[in-house]
Amino acid sequence: MKNLKYMSLLLALVSVMTVSFTSCGNDDEDTPAPIIKLEDANIEGDELCVEADIVAQGRTASILINVCDATGKTIKVAQPVTNSKYIGVLNVDGFHMHVDIAGKKVVVDDLLKLTVIDANGCSTTAQKAITEIKDENEGHDHDK
């Protein structure tokens with residue numbers, strides 16, 4: 001009878017501890033990882049123009065631009081973003097950066113990888129093949 005009393009007390013204690021630990025969970029765990037809509041990755045002379053929209057409900061903690069070879073394995077350029085316009089904010093409509101690629105042998109069809117990490121530690125990487133900006137007059141016949 002004494003063992004049953006101690007077992008009941010122990011079971012009650014364990015139940016209380018379990019409830020208290022689960023109710024103290026981090027409310028931010030349900031915050032989704034950042035979402036990146038990568039619009040442009042264009043070579044413009046000696047610069048790479050990067051445009052995107054970012055939704056980070058946990059606020060952006062860091063943004064990293066990597067330019068890799070076409071396989072995505074060799075990094076040619078790594079550029080952390082430090083502009084306060086993009087760091088520490090919830091959403092970035094119109095992210096626009098120019099990355100110096102002079103002498104880095106970046107070519108069309110290399111990969112741009114844009115990684116966003118939010119304040120909760122969640123991260124997302126979007127990638128896009130790099131293209132060359134087209135001349136607006138290209139492909140149009142002009143009267144001579």
Side-chain angles (χ1 to χ4, degrees), residues 3-142:
N3 284 340
L4 185 58
K5 183 178 174 184
Y6 287 120
M7 290 294 278
S8 297
L9 183 60
L10 183 60
L11 185 57
L13 182 62
V14 168
S15 296
V16 169
M17 294 290 285
T18 302
V19 169
S20 66
F21 283 127
T22 56
S23 66
C24 294
N26 184 354
D27 292 335
D28 292 335
E29 288 177 9
D30 294 336
T31 303
I35 299 168
I36 304 168
K37 184 178 179 189
L38 197 47
E39 298 288 339
D40 289 320
N42 299 323
I43 295 174
E44 297 178 2
D46 286 341
E47 292 184 327
L48 179 68
C49 177
V50 179
E51 293 183 10
D53 290 323
I54 301 167
V55 176
Q57 294 180 7
R59 296 192 185 269
T60 55
S62 69
I63 301 174
L64 178 63
I65 297 171
N66 281 327
V67 179
C68 304
D69 65 1
T71 67
K73 295 180 182 175
T74 303
I75 297 174
K76 295 181 176 183
V77 178
Q79 169 101 25
V81 176
T82 57
N83 189 327
S84 62
K85 181 165 77 170
Y86 303 127
I87 303 299
V89 297
L90 293 175
N91 300 319
V92 181
D93 290 329
F95 175 86
H96 186 136
M97 294 287 299
H98 287 264
V99 179
D100 181 24
I101 58 171
K104 305 292 183 179
K105 298 181 182 177
V106 174
V107 295
V108 170
D109 292 330
D110 278 353
L111 287 178
L112 168 74
K113 292 185 178 185
L114 182 66
T115 301
V116 176
I117 302 173
D118 69 14
N120 298 323
C122 298
S123 69
T124 301
T125 299
Q127 64 182 28
K128 185 174 184 74
I130 294 172
T131 59
E132 190 166 14
I133 194 161
K134 301 262 191 269
D135 183 2
E136 290 180 19
N137 295 324
E138 187 175 304
H140 296 286
D141 291 329
H142 296 285

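- Between Leu48 and Ile130, the shortest heavy-atom distance links the atoms CD1-CG2, 3.7 Å.
- Pairing each heavy atom of Ala33 with each of Cys122, the nearest pair is CA-CB, 3.8 Å.
- Interatomic distance, His98 NE2 to Asp46 CG, rounded to the nearest 0.5 Å: 13.0 Å.
- Judged by distance alone, with hydrogens and angles left aside, the side-chain atoms of Thr124 form a donor-acceptor pair with the main-chain N or O of Pro34 at under 3.5 Å.
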List the atom pairs, donor and acceptor, that lie under 3.5 Å between side-chain atoms in residues 53-67 and the rest of the protein, sequence neighbours left out.
unit_1	atom_1	unit_2	atom_2	d
Asp53	OD1	Gly94	N	2.8
Arg59	NH1	Gly88	O	3.3
Thr60	OG1	Tyr86	O	2.6
Thr60	OG1	Gly88	N	2.9
Thr60	OG1	Val89	N	3.3

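- In this structure, the separation between OG1 on Thr125 and CG on Leu114 is 8.0 Å, given to the nearest 0.5 Å.
- The nearest pair of heavy atoms linking Ala78 to Pro80 is O-CD, 3.9 Å.
- The CG atom of Asp93 sits 10.5 Å away from atom NZ of Lys37, with the distance rounded to the nearest 0.5 Å.
- Checking each of Glu39, Lys85, Glu51 against His96 for a side chain to side chain donor-acceptor pair (under 3.5 Å) leaves exactly one that passes, namely Glu51.
- Here CG of Leu38 is found 5.5 Å from CG of Leu112. Values are rounded to the nearest 0.5 Å.
- Separating the CE atom in Met97 from the CD atom in Glu47 is a distance of 10.0 Å, to the nearest 0.5 Å.
- Residues forming a salt bridge (Lys or Arg N to Asp or Glu O under 4.0 Å) with Asp110 (at least two apart in sequence, or on another chain): Lys76.
- Residue Ile101 comes nearest to Val77 through the heavy atom pair CG2-CG2, 4.3 Å, listed as atom of the first residue, atom of the second, then distance.
- In terms of heavy atoms, Ile117 sits closest to Ser123 at CG1-CB, 3.6 Å.
- With hydrogens and angles ignored, the 3.5 Å screen pairs a side-chain donor or acceptor of Asp100 with a backbone N or O of Ala102.
- Distance check: Gln127 CD to Lys113 NZ gives 5.0 Å after rounding to the nearest 0.5 Å.
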